[in-house]
Q: 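Handing you this structure, nothing more for now.
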Amino acid sequence: MAVESVMLSLGTSAPSFRLRDVVTGQVYHLDSFAGSSALLVMFICRHCPYVVHVEEELARIGRDYQATGLGMIAVSSNDPTSYPDDAPPRLKEMAERLVLTFPFCCDDTQEVAKAYRAACTPDFFLFDRQRRLVYRGQLDDSRPGNNRPVTGRDLRAAIDAVLGGKPVNPKQQASVGCSIKWKPGNAPSYA
């Protein structure tokens, strides 16, 4: 069943995190991106058809913005016991297949997803230099089966604006995707 993102309030400070990259084993935290002009935190996974539909564009965004001031990190918060395709070894396969240029981390405790109020995959959170939320919402208006091209238009416009020192359009559409797969008894009240 498809769900929409919660749409965390614009201006919210980026919650801290400490996550291990499934490819390199390196630990990342908010300060790992201190030198970045902006930070994009993406909640994705391997098994969700909504993520599969846009995964090539996510990899392309990583390549296109690699030499800019944008820091990027992808996070999978799904319960790997119930969804083994979202376990770290399978996430590593996905990252290597797509040749991701940003860390892809596993949120074992699901506390990072809760802190960001992530509700679905994909769910995007873009923060400015002061780590204040300037964009949360959809990649673009393409969905599996709607025959619209995957362009990344909405997210790219927000990234370009924040990197260019311009205001991000506050009219933002919620992302739509599969719900975060919470561990039994771990679902937050907003889910």
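The figures here come from the full heavy-atom set of this structure, side chains too, leaving out hydrogens, waters and symmetry mates.
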Q: Assess the residue pair Ile180 and Asn78 against the criterion (side-chain contact (heavy atoms from CB on, under 4.5 Å)); give the C-alpha distance rounded to whole Å, side-chain angles, the decisive distance to 0.1 Å, and a yes or no.
A: CA-CA 6 Å; Ile180 299 281; Asn78 283 350; 3.8 Å; yes
Q: Can you give me the closest heavy-atom contact between Val23 and Ala95, atom names plus distance?
A: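 Result for this residue pair: CG2-CB, 3.6 Å.
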Q: Take atom CG of Asn147 as the centre, draw a 6.0 Å sphere, and report whether it contains more than 12 heavy atoms from other residues, nucleotides or ligands.
A: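 No - once you tally the heavy atoms of other residues, nucleotides and ligands closer than 6.0 Å, there are 12 at most.
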Q: Is there a donor-acceptor pair closer than 3.5 Å between any side-chain N or O of Gln172 and the backbone N or O of Arg136?
A: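 Answer holds: yes.
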Q: Taking only residues two or more places apart in sequence or in another chain, which ones pass side-chain hydrogen bond (donor to acceptor under 3.5 Å, both in side chains) with Gln110?
A: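 Only Asn186 meet the side-chain hydrogen bond (donor to acceptor under 3.5 Å, both in side chains) criterion with Gln110.
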Q: If you compare all heavy atoms of Pro15 against all heavy atoms of Leu30, which two are closest, and at what distance to 0.1 Å?
A: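 For Pro15 versus Leu30, the nearest heavy atoms are O-CD2, 3.9 Å.
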Q: Using the rule that Ile, Leu, Val, Met, Phe, Trp and Tyr join whenever any side-chain heavy atoms are under 4.5 Å apart, tell me whether Leu58 and Leu70 fall into a single cluster.
A: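 In one cluster: yes.
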Q: Quick one: side-chain hydrogen bond (donor to acceptor under 3.5 Å, both in side chains) partners of Ser76, sequence neighbours excluded?
A: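 Expected list: none.
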Q: If you apply the rule side-chain contact (heavy atoms from CB on, under 4.5 Å), what do you find for Thr81 with Lys183, and how did you get there?
A: CA-CA 8 Å; Thr81 302; Lys183 294 176 180 180; over 6 Å; no
Q: Can you check whether Met42 reaches Pro122 side chain to side chain, under 4.5 Å on heavy atoms?
A: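 When only atoms from C-beta onward are counted, Pro122 and Met42 do not touch, as no gap falls below 4.5 Å.
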Q: For Arg131, check salt bridge (Lys or Arg N to Asp or Glu O under 4.0 Å) against everything at least two apart and list the hits.
A: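 Residues passing salt bridge (Lys or Arg N to Asp or Glu O under 4.0 Å) with Arg131: none at all.
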Q: Can you hop from Val22 to Val112 via hydrophobic side chains spaced under 4.5 Å?
A: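 Val22 and Val112: separate clusters.
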Q: How about CZ on Arg97, more than 12 heavy atoms from neighbouring residues, nucleotides or ligands closer than 6.0 Å, or not?
A: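 More than 12 heavy atoms, drawn from other residues, nucleotides or ligands, come within 6.0 Å of this atom.
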Q: Evaluate the side-chain contact (heavy atoms from CB on, under 4.5 Å) criterion for residues Val162 and Tyr135: first the C-alpha distance (whole Å), next the side-chain angles of each, then the deciding distance (0.1 Å), finally the verdict.
A: CA-CA 9 Å; Val162 74; Tyr135 183 82; over 6 Å; no
Q: Which residues pass the side-chain hydrogen bond (donor to acceptor under 3.5 Å, both in side chains) test with Ser13, sequence neighbours left out?
A: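 side-chain hydrogen bond (donor to acceptor under 3.5 Å, both in side chains) list for Ser13, sorted by chain: Arg132.
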Q: Quick test of your reading: applying salt bridge (Lys or Arg N to Asp or Glu O under 4.0 Å), list the pairs with at least one residue in residues 56-77, sequence neighbours left out, ordered by first then second residue.
A: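 Salt bridge (Lys or Arg N to Asp or Glu O under 4.0 Å) check on residues 56-77 returns Glu57-Arg60, Glu57-Arg156, Asp64-Arg156.
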Q: Can you sort out the partners of Ala157 under side chain to side chain contact (heavy atoms under 4.5 Å, CB included), two or more places apart, ordered by chain and number?
A: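 For Ala157 there are no side chain to side chain contact (heavy atoms under 4.5 Å, CB included) partners, ignoring immediate neighbours.
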Q: Ignoring hydrogens and geometry, is there a side-chain-to-backbone donor-acceptor pair from Lys166 to Asp160 under 3.5 Å?
A: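 Checked: no pair found.
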Q: Please identify each residue that fulfils salt bridge (Lys or Arg N to Asp or Glu O under 4.0 Å) with Arg153, with sequence neighbours left out.
A: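 In terms of salt bridge (Lys or Arg N to Asp or Glu O under 4.0 Å), with neighbours along the sequence ignored, Arg153 is linked to Asp141.
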Q: Listed by chain and number, what are the ring-ring contact (aromatic ring centres under 6.0 Å, His included) partners of Phe125, not counting sequence neighbours?
A: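 For Phe125 the ring-ring contact (aromatic ring centres under 6.0 Å, His included) partners, ignoring immediate neighbours, are Phe43, Tyr116.
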Q: Between Pro167 and Ala161, which heavy-atom pair has the shortest distance, and what is it?
A: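 Pro167 and Ala161 have their closest heavy atoms at O-CB, 3.7 Å.
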Q: Would you give the length of the straight line joining atom CG of Leu19 to atom OG of Ser77, rounded to the nearest 0.5 angstrom?
A: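 One gets 7.5 Å once the value is rounded to the nearest 0.5 Å.
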Q: Quick one: closest heavy-atom pair of Pro103 and Phe33, and the distance?
A: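 Taking Pro103 first and Phe33 second, the nearest heavy atoms are CG-CZ, 4.3 Å.
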Q: Would you say Leu126 ends up clustered with Leu100 if hydrophobic residues are merged whenever their side chains have heavy atoms under 4.5 Å apart, either directly or through other cluster members?
A: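 Yes.
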Q: A side-chain contact here means heavy atoms from C-beta on lying under 4.5 Å apart; do Pro184 and Asp79 qualify?
A: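 They are in contact (side-chain heavy atoms under 4.5 Å apart), so the answer is yes.
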Q: Please, which pairs that meet side-chain hydrogen bond (donor to acceptor under 3.5 Å, both in side chains) have at least one residue in residues 119-129, sequence neighbours excluded?
A: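 Listed by first then second residue: Ser37-Arg129.
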Q: Do you know which two heavy atoms are closest between Ser5 and Cys120, and how far apart they sit?
A: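 So the two residues come closest at N-SG, 3.7 Å.
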Q: Using the ring-ring contact (aromatic ring centres under 6.0 Å, His included) rule, collect all pairs that involve residues 56-88, keeping only residues at least two apart or in two chains.
A: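 As it turns out, the ring-ring contact (aromatic ring centres under 6.0 Å, His included) pairs with a partner in residues 56-88, which skip direct neighbours, are His47-Tyr83.
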Q: May I ask whether Phe104 and Ile73 are part of the same hydrophobic cluster, defined by side-chain heavy atoms of I, L, V, M, F, W, Y residues being less than 4.5 angstrom apart, directly or through others?
A: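 Result: no, two separate clusters.
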Q: Just how far is it from atom CZ of Arg117 to atom OG of Ser189, taken to the nearest 0.5 Å?
A: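 Atom-to-atom, Arg117:CZ and Ser189:OG are 6.5 Å apart.
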Q: What pairs with Glu93 under salt bridge (Lys or Arg N to Asp or Glu O under 4.0 Å), at least two apart in sequence or on another chain?
A: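 Arg46, Arg90.
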Q: Could you tell me which residues satisfy salt bridge (Lys or Arg N to Asp or Glu O under 4.0 Å) with Lys181, sequence neighbours excluded, listed by chain and number?
A: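 Here no residue qualifies.
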Q: side-chain contact (heavy atoms from CB on, under 4.5 Å) between Leu155 and Leu40: does it pass, once the steps are laid out?
A: CA-CA 10 Å; Leu155 182 58; Leu40 175 61; 3.9 Å; yes
Q: Does CD in Gln173 sit with more than 12 non-hydrogen atoms of other residues, nucleotides or ligands closer than 6.0 Å?
A: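 Counting neighbours around CD of Gln173, 12 or fewer heavy atoms of other residues, nucleotides or ligands fall under 6.0 Å, so no.
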Q: Hydrophobic cluster membership, with links at side-chain heavy-atom distances under 4.5 Å among I/L/V/M/F/W/Y: are Leu139 and Met94 in one?
A: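 Yes: a chain of side-chain contacts under 4.5 Å links Leu139 to Met94.
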Q: Whether the side chain of Tyr190 engages the backbone of Ala118 through a donor-acceptor N/O pair (distance < 3.5 Å, no angle test) should be reported.
A: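 At least one qualifying donor-acceptor pair exists.
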Q: What closest approach, in Å, do Val134 and Val168 show between heavy atoms, and which atom pair accounts for it?
A: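 Looking at all heavy atoms of both residues, the closest pair is O-CG1, 3.4 Å.
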Q: Please check if the side chain of Asp107 supplies one atom and the backbone of Ala113 the other of a donor-acceptor pair under 3.5 Å.
A: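 Indeed, once roles are kept as given, a pair shorter than 3.5 Å links the two residues.
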